[in-house]
Amino acid sequence: MQRKPRGVVTNCQEKIQHWKKVDNDYNALQERLSTLPDKLSYNIMVPFGPFAFMPGKLVHTNEVTVLLGDNWFAKCSAKQAVGLVEHRKEHVRKTIDDLKKVIKNFESRVEFTEDLQKMSDAAGDIVDIREEIKSDFEFKAKHRIAHKPHSKPKTSDIFEADFANDVKSKDLLADKELWARLEELERQEELLGELDSKPDTMIANGEDTSSEEEKEDQNINVHVMHQVTDSVHSSSCYKDVTHSELFNGQVNSQLNCSMIGSNSYHSNEDEEEEEEEDDDDDDDDDGDNENDVLGVGDHSVPTIYFSHTVEPKRVRINTGKNTTLKFSEKKEEAKRKRKNSSGSGHSAQELPTIRTPADIYRVFVDVVNGEYVPRKSILKSRSRENSVCSDTSESSAADFDDRRGVLRSISCEEATCSDTSESILEEEQEENHHKKLLPLSGTPEAFSGTVIEKEFLSPSLTPHPTMVHPVLPTIPERKEVLSEISEETTKRVSKFKAARLQQKN
Amino acid sequence: MPSRGSQPEDGAALSSADNSTPHKEDLSSKIKEQKIVVDELSNLKKNRKVYRQQQNSNIFFLADRTEMLSESKNILDELKKEYQEIENSEKTKIKK
């Protein structure tokens with residue numbers, strides 16, 4: 001606490017020294033200039049290169065060429081040059097004054113910290129409140145901490161426990177962290193969804209790559225790696241996939257979840273992870289903090305428990321340009337729907353409160369009966385047809401459940417393809433607990449950024465091996481990005497179609 | 001005066017001597033430098049030219065030797081005074 005202000009102070013003092021020297025130089029120059037025109041010529045030693053001199057004369061003593069900056073010069077008389085020098089000195093003085101003020105401010109800080117330290121040393125009842133600062137701030141791609149490695153589907157209990165254990169962590173979470181976490185979680189969701197039936201292994205691998213990002217993750221990843229040994233190849237895939245930090249973050253979180261089964265986490269880590277999630281949940285109290293633990297059917301590998309709170313997440317809606325819109329309603333709605341019961345139908349949605357433009361879109365799309373096709377006017381890209389807002393998640397909902405295990409499986413390839421989409425999907429998935437499976441898991445969609453709102457309308461969603469249709473209208477995101485992957489596009493189309501069909505049914 | 005002269009940059013008095021540093025060590029080093037300057041200047045032959053360096057640049061202006069010598073001596077005296085003052089103040093502090 002003291003180091004920084006002190007560092008600043010010393011830094012400022014050095015600068016002041018430098019500027020004082022400059023001021024001194026200008027003074028000398030001014031002196032010289034004032035006396036220069038006194039003589040017609042001066043005998044001087046003319047420098048020849050850096051080391052040699054030649055005796056010579058200085059003539060035209062009144063003509064001075066002044067550098068104005070950027071290699072521009074001005075020819076002026078000695079007196080004019082003196083004026084210029086005076087002006088520059090003014091600037092230097094101002095700089096010095098500012099630096100002195102800075103020093104003054106920081107000195108007071110240093111004093112304060114010193115006093116504080118004295119006080120704390122003296123008085124015993126003054127407790128030092130410390131919070132672990134998770135390096136979430138550093139990168140957005142915070143890995144999403146698995147809800148709890150040891151957690152059961154309902155993580156609320158665990159969270160409570162965690163709270164008791166680490167109170168401090170909660171405090172720490174700032175909005176930024178939460179958002180970052182949310183994003184990461186979303187990504188993870190997407191990632192999970194994309195993953196095939198090898199969720200655990202994949203995740204573990206992913207974590208490995210992502211572990212680089214965070215130390216905690218590293219610890220966890222190590223554990224994971226131990227557990228998952230056969231998925232070496234997957235790790236490589238992940239590496240490709242997780243080239244983006246975000247992705248890694250997702251993976252981590254996912255992996256964390258999966259670690260639940262393995263229980264190889266250190267309690268602390270788990271707690272931390274959980275806490276983080278708790279924080280997320282707490283923060284997201286607005287929405288239903290439902291933590292869905294994503295249980296992967298494949299128990300041989302660590303199961304991924306995916307839990308996320310319904311929080312407004314940024315949904316990237318592909319409106320021709322990469323725009324991200326926030327939509328929290330979707331998630332809430334999805335949650336509601338989910339709660340209602342699978343198959344209750346998405347339509348049960350209460351009138352979605354429109355809070356963000358995305359909501360409008362969503363509503364807008366839904367309004368259009370028949371196929372949930374986003375009106376062109378809203379979203380220009382037609383490709384989004386299915387996705388925009390109107391991805392009849394209903395049908396997909398059912399599928400999600402079935403496919404969770406499958407979707408969750410992480411398929412490197414797919415994941416790689418749809419990094420962006422995953423993130424988005426994650427968001428949605430987070431909202432929809434049931435959507436553990438990233439719809440992307442099966443579909444290497446060209447547009448990874450599809451926002452999938454999953455509404456559990458009908459469990460009869462035709463299982464799309466490729467993509468899980470979000471209940472809520474999904475807004476395909478950046479199709480262009482993924483367009484590279486031909487496979488995905490084709491799959492995507494099919495998937496959507498299937499979803500649509502389902503809806504009709 | 002013959003144009004050839006030892007002009008050594010040594011002979012040029014540094015016009016930018018910083019005399020304001022209160023620290024004893026800096027002062028002592030400066031005093032040493034000043035002493036050298038004075039000695040050198042006083043040791044020059046009459047026909048030598050003395051050049052003074054323009055601050056922050058590589059230009060040397062011809063200067064009068066005698067003037068330079070007297071100037072350097074003044075600077076040295078001042079530095080010594082400062083040094084003495086600091087010493088005295090330190091002594092008083094120690095006494096206290």
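Please read these numbers as outputs of a predicted model, since none were measured by experiment. In what follows, every chain begins at residue 1, and chains take the letters A, B, ... in the order their sequences are listed.
Residue-environment remark: NZ (A/Lys21) stays at or below the threshold of 12 foreign heavy atoms within 6.0 Å. The environment of CZ in A/Phe112 is sparse: at most 12 heavy-atom neighbours from other residues, nucleotides or ligands sit within 6.0 Å. Within 6.0 Å of CZ on A/Arg109 lie no more than 12 heavy atoms contributed by other residues, nucleotides or ligands.
Of all heavy-atom pairs spanning B/Asn58 and A/Pro50, the tightest one is ND2-O, 4.3 Å. Between B/Gln54 and A/Leu29, the shortest heavy-atom distance links the atoms NE2-CA, 3.9 Å.
Note: A/Gln30 CD to B/Gln55 CD = 12.0 Å, rounded to the nearest 0.5 Å. Rounding to the nearest 0.5 Å places CD1 of B/Ile59 at 10.0 Å from CZ of A/Arg32. With rounding to the nearest 0.5 Å, the separation of CG in A/Asn43 from NZ in B/Lys49 is 5.5 Å.
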